[in-house]
Number of protein chains: 4
Amino acid sequence: MPAKRRIKARKQPLQQRSRETVAVILEAAARVLEQRGLEGYNTNAVAERGGISVGSVYQYFPNKDALTLALIARFEDALLAKVRDAVTASEGKSLTASLNLIIRAQLEAHAERAGLNRILETEEDRLRPASSDSSAASELKQLVAALLARHRREIVMTVDDDAIEDLIVISRAMVDHALQKDLSQAAASRRALRAVEGYLLGPQADL
Amino acid sequence: MPAKRRIKARKQPLQQRSRETVAVILEAAARVLEQRGLEGYNTNAVAERGGISVGSVYQYFPNKDALTLALIARFEDALLAKVRDAVTASEGKSLTASLNLIIRAQLEAHAERAGLNRILETEEDRLRPASSDSSAASELKQLVAALLARHRREIVMTVDDDAIEDLIVISRAMVDHALQKDLSQAAASRRALRAVEGYLLGPQADL
Amino acid sequence: MPAKRRIKARKQPLQQRSRETVAVILEAAARVLEQRGLEGYNTNAVAERGGISVGSVYQYFPNKDALTLALIARFEDALLAKVRDAVTASEGKSLTASLNLIIRAQLEAHAERAGLNRILETEEDRLRPASSDSSAASELKQLVAALLARHRREIVMTVDDDAIEDLIVISRAMVDHALQKDLSQAAASRRALRAVEGYLLGPQADL
Amino acid sequence: MPAKRRIKARKQPLQQRSRETVAVILEAAARVLEQRGLEGYNTNAVAERGGISVGSVYQYFPNKDALTLALIARFEDALLAKVRDAVTASEGKSLTASLNLIIRAQLEAHAERAGLNRILETEEDRLRPASSDSSAASELKQLVAALLARHRREIVMTVDDDAIEDLIVISRAMVDHALQKDLSQAAASRRALRAVEGYLLGPQADL
DNA sequence: CATGAATGAGAATTCATTCAT
DNA sequence: AATGAATGAATTCTCATTCAT
């Protein structure tokens with residue numbers, strides 16, 4: 001057992017290196033997924049694509065699913081960043097304009113690497129233990145809640161947690177569908193907006 | 001290949017052997033999917049579960065995906081049947097009531113074997129050549145169109161093909177989400193109804 | 001595949017109908033072999049091709065190899081018939097002319113269904129227990145011997161059994177090669193003739 | 001089997017370890033083929049025989065056929081080496097003696113592992129895209145050409161490419177036959193020599 | 001830490017053959 | 001005799017993961 005010395009001095013550059021390696025792995029995984037699909041997505045391919053060894057992949061990810069989850073997290077981070085920006089940018093804007101901004105944020109996040117993200121969404125289903133809320137999901141809810149709070153007076157219905165969840169579900173479905181159908185951003189956001197606004201402002205369903 | 005002494009009793013082959021075998025295979029596949037998930041879903045397991053040989057599976061399905069697709073078709077048939085009934089039953093009813101019926105039809109179809117159907121939906125994504133409309137999808141659209149046509153006057157917006165697609169996307173998303181969250185039928189249909197009605201009757205989005 | 005199997009025909013096609021069925025099976029097998037190669041040659045395919053059931057194939061042939069052997073025998077019969085004719089036709093002709101006739105007979109027999117016959121030859125190798133002389137082979141030898149006997153005086157070397165075997169080996173190799181290279185009959189027979197004549201009339205090798 | 005496959009080597013053995021493994025695999029394959037025949041030749045058997053895992057076989061050979069082809073190449077290399085030596089050794093010798101040397105070279109190459117080599121020859125037929133000249137085949141032709149060139153004056157006929165091909169075909173057939181009949185080297189080479197010399201020096205066939 | 005060779009359980013698919021009808 | 005559904009052992013090939021170097 002080697003004595004531990006110079007821990008900090010030595011560790012720092014190594015951590016830097018590790019960080020890079022992780023980035024390399026993630027990007028390699030993303031590319032494999034994009035170019036060969038779930039079909040051709042395997043750890044050996046990822047390693048090769050990243051110009052590293054399989055062993056290194058397992059150094060940073062305990063297994064393949066963990067790698068995929070990291071990719072999903074990366075996507076969620078990017079999505080959240082855009083949504084955060086949208087919420088900030090919508091300050092002072094009308095409800096419709098605000099909703100439009102947030103929808104566009106989602107559309108953009110998904111469109112960036114549409115093929116990849118579609119696959120990741122599929123995998124998310126499989127990898128996330130049934131009803132476990134990712135922290136990303138809950139932050140997203142908070143952001144949407146914050147945005148809606150600004151327009152409390154215009155919205156008749158009670159905007160509780162369930163309603164926010166529904167709104168997210170709806171816009172996500174519309175966005176997914178738009179990308180699958182390869183709609184223009186304009187058309188996609190118009191239709192999504194209608195759906196979202198309808199939910200919020202439409203008639204109070206009452207059987 | 002050495003002939004093996006078959007000691008076990010042979011099955012009683014009734015008439016329509018083939019038809020039965022296909023049914024047995026499908027049901028076995030469904031059960032494997034339900035109980036072991038995509039993970040444990042393989043043709044050998046299906047055969048074993050069905051009490052038949054793998055060979056028989058391949059006698060009727062050229063490969064595993066074909067089997068899965070047959071399962072998907074079976075589900076779609078069941079869904080369509082329910083929706084058809086709902087559309088018929090909604091004759092003379094109000095728009096809201098009609099929408100409610102169609103949503104409940106979907107909810108019921110999905111709820112019947114929720115776990116199985118969720119998996120099938122995931123697989124559908126993978127198995128259907130991107131954006132290829134199944135005939136089931138197009139019949140569903142027609143049914144929804146027919147239902148809406150009855151209420152033309154109440155609906156301000158233009159109900160074209162895109163709108164119908166959106167409605168289906170929305171209700172499907174709401175239904176999926178409801179099942180995933182294990183909501184009650186009442187809650188689920190209320191929320192889905194709001195979404196659908198909102199889309200149809202809500203404010204005309206205009207930026 | 002098991003090491004040992006019954007290989008002879010299972011049942012003598014005594015009746016007219018049986019005879020026809022056997023012919024159908026053989027022709028179906030030939031066609032499958034021609035069109036899909038050894039790769040796609042299987043008893044189910046043969047049955048389908050022949051418009052009969054697999055069971056019927058097994059009624060007349062104890063196993064797949066027996067079927068293949070029957071095909072080989074059919075080819076050998078055709079070859080022998082042609083060679084017999086050639087030997088008859090060569091009566092009174094010169095040695096060179098006689099050899100030419102017999103070579104052409106072989107060429108024709110092989111050319112008729114070149115693809116099929118090539119495959120059969122490959123299989124013959126695998127199916128014939130090492131050094132088992134088929135009766136066809138021995139009749140062929142007799143025919144060649146008879147032909148050569150007429151020209152005893154022109155041939156210096158001793159024409160024993162071995163020599164005849166060599167001649168057959170040589171001409172067969174030349175014929176196979178010609179067909180593989182897709183040579184014209186003229187070129188093929190010229191070159192084969194040279195080989196055969198050389199063996200018979202060439203210098204007495206003496207180290 | 002699928003129509004198209006990769007047939008070239010999958011990975012170049014870079015390290016010492018790899019090199020050894022490849023050798024182990026080849027030798028294991030050879031032994032399986034020798035002892036169990038084509039019948040019992042499968043990748044699992046090869047791996048087991050080599051004391052390694054199937055995975056390792058596939059690490060170096062993309063599929064079974066590629067492995068077989070490597071075995072064929074190994075045999076051809078050995079054959080060529082012997083023939084090269086024979087051509088060198090025959091410098092200054094008479095035509096007859098030279099031909100004898102080259103025939104013996106072939107005989108020896110084939111005799112070394114007769115059973116194995118016979119099988120490989122059969123497989124070669126199946127695996128080589130019709131009429132594709134291996135580089136080994138063309139080197140063999142060059143060697144024979146070189147040997148004959150030394151005796152131009154003794155040979156009356158025109159020794160073109162076709163003639164050389166014929167000579168190779170003839171000697172190969174004689175050698176195969178000799179091994180199949182288990183002839184002594186002396187007898188085998190005497191008969192092959194007669195065939196080859198006859199072709200070269202025999203009467204100019206003229207119909 | 002990195003490497004990459006090795007592992008081996010597992011999964012898909014085939015097809016010769018059987019046998020109840 | 002004919003049929004053809006059913007059988008299931010066998011085989012090919014993959015890929016997540018490990019571990020010696």
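Note on D/Y60: a side-chain N or O is less than 4.0 Å away from OP1 or OP2 of E/dA6. A close approach under 4.0 Å does occur between a side-chain nitrogen or oxygen of A/S18 and OP1 or OP2 of E/dC1. Side-chain nitrogen and oxygen atoms of B/S53 include none within less than 4.0 Å of the OP1 or OP2 phosphate oxygen of F/dG8.
Residue A/N63 has its side chain nearest to F/dT17 when only F/dC13, F/dT17, E/dT13 are considered. Side chain of D/N42, nearest nucleotide from E/dA12, E/dA9, F/dT11: F/dT11. Considering only the side chain of B/K64, E/dA12 comes nearest among F/dT17, F/dT14, E/dA12. Distances were taken from every side-chain heavy atom of C/Y58 (C-beta onward) to each of E/dT17, E/dT3, F/dT17; the shortest belongs to E/dT17.
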Practice problem: Step by step, work out the salt bridge (Lys or Arg N to Asp or Glu O under 4.0 Å) result for B/E123 and B/R118. | Solution: CA-CA 9 Å; B/E123 284 298 90; B/R118 256 191 81 67; over 6 Å; no
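In this structure, C/Y41 atom OH and E/dA16 atom C1' are separated by 12 Å, rounded to whole Å. Rounded to an integer number of Å, the gap from D/L67 CG to F/dT12 C1' is 13 Å. A straight line from CZ of D/R19 to C1' of E/dA6 spans 18 Å, rounded to a whole angstrom. Whole-Å rounding puts the A/L38 CG to F/dC15 C1' distance at 14 Å. In this entry the distance linking CZ of C/R36 with P of E/dT14 reads 13 Å, nearest Å. F/dT18 atom P lies 16 Å from atom CZ of A/F61, rounded to whole Å. Going from atom CD of A/Q59 over to atom P of E/dA2 covers 5 Å, rounded to whole Å. Separating the CD atom of D/E48 from the P atom of E/dA9 is a distance of 12 Å, rounded to the nearest angstrom.
Nucleotide E/dA20 forms a pair with F/dT3, judged by Watson-Crick or G-U wobble geometry with both contacts under 3.5 Å.
Residues A/E124 and A/T68 fail the side-chain proximity criterion, which asks for heavy atoms closer than 4.5 Å.
Rounding to the nearest 0.5 Å gives a distance of 11.5 Å between CD1 of D/I25 and CG of D/L71.
Two residues, B/S56 and D/S56, neighbour DNA chain F, and the one matched to the more 5' nucleotide by heavy-atom proximity is B/S56. Nucleotides of DNA chain E nearest to D/I52 and C/G55 differ in position, and the one nearer the 5' end is that of D/I52. Projected onto DNA chain E by closest heavy-atom contact, A/N44 and B/T43 fall at different nucleotides, the more 5' of which corresponds to A/N44.
Of the charged side-chain nitrogens involved, none lies within less than 4.0 Å of a carboxylate oxygen, so that A/R31 and A/E48 do not count as a salt-bridged pair. A salt bridge does not link A/E121 to A/R113: none of the charged side-chain nitrogens sits closer than 4.0 Å to a carboxylate oxygen.
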